[in-house]
Amino acid sequence: MTNTPNSNAQRFIRRDEVTARTGLPRSSIYDRMKAGTFPAPIRLGVGAKAVGWLEPDISDWISEQIANSRKAA
């Protein structure tokens, strides 16, 4: 059996990839999280400092930004 990507599978992405996908710098990501307008990360271990975001949460956020932008235009 080989490992094939499953489009329904959830995976964690780290901040560098979140930044690359959204175009937002680190400070804007955390400011928006604090304001409740950006998905919160998930700790990747008990007591761990490392966090990751669920890829579908970021994809949904991007889609929402596109939709909002097109409504405003």
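Values below: every heavy atom of this structure, side chains too, minus hydrogens, waters and symmetry copies. FYI, the numbering just counts along the sequence from 1.
- Among residues two or more places apart in sequence or in another chain, the side-chain contact (heavy atoms from CB on, under 4.5 Å) test is passed with Pro56 by Gln10, Leu54.
- Contact check for Phe12 versus Ile42: side-chain heavy atoms found under the 4.5 Å cut-off.
- Residues passing the side-chain contact (heavy atoms from CB on, under 4.5 Å) test with Arg14 are Leu44, Ala50, sequence neighbours excluded.
- Counting only distance, with no hydrogens or angles, the side chain of Trp53 and the backbone of Pro39 share a donor-acceptor pair below 3.5 Å.
- Every residue two or more places apart in sequence or in another chain that forms a salt bridge (charged side-chain N to carboxylate O under 4.0 Å, His left out) with Arg21 is listed here: Glu55.
- By the 6.0 Å contact criterion, CZ on Arg43 is open, its count of non-hydrogen atoms from other residues, nucleotides or ligands being 12 or less.
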Would you list the atom pairs, donor with acceptor, under 3.5 Å between side chains in residues 24-38 and any protein atom, with sequence neighbours excluded?
from	atom 1	to	atom 2	distance (Å)
Thr37	OG1	Arg32	O	3.2

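- One finds the CZ atom of Arg70 at 12.5 Å from the CD atom of Gln65 (value rounded to the nearest 0.5 Å).
- At least one donor-acceptor pair closer than 3.5 Å links the side chain of Thr22 to the backbone N or O of Val18.
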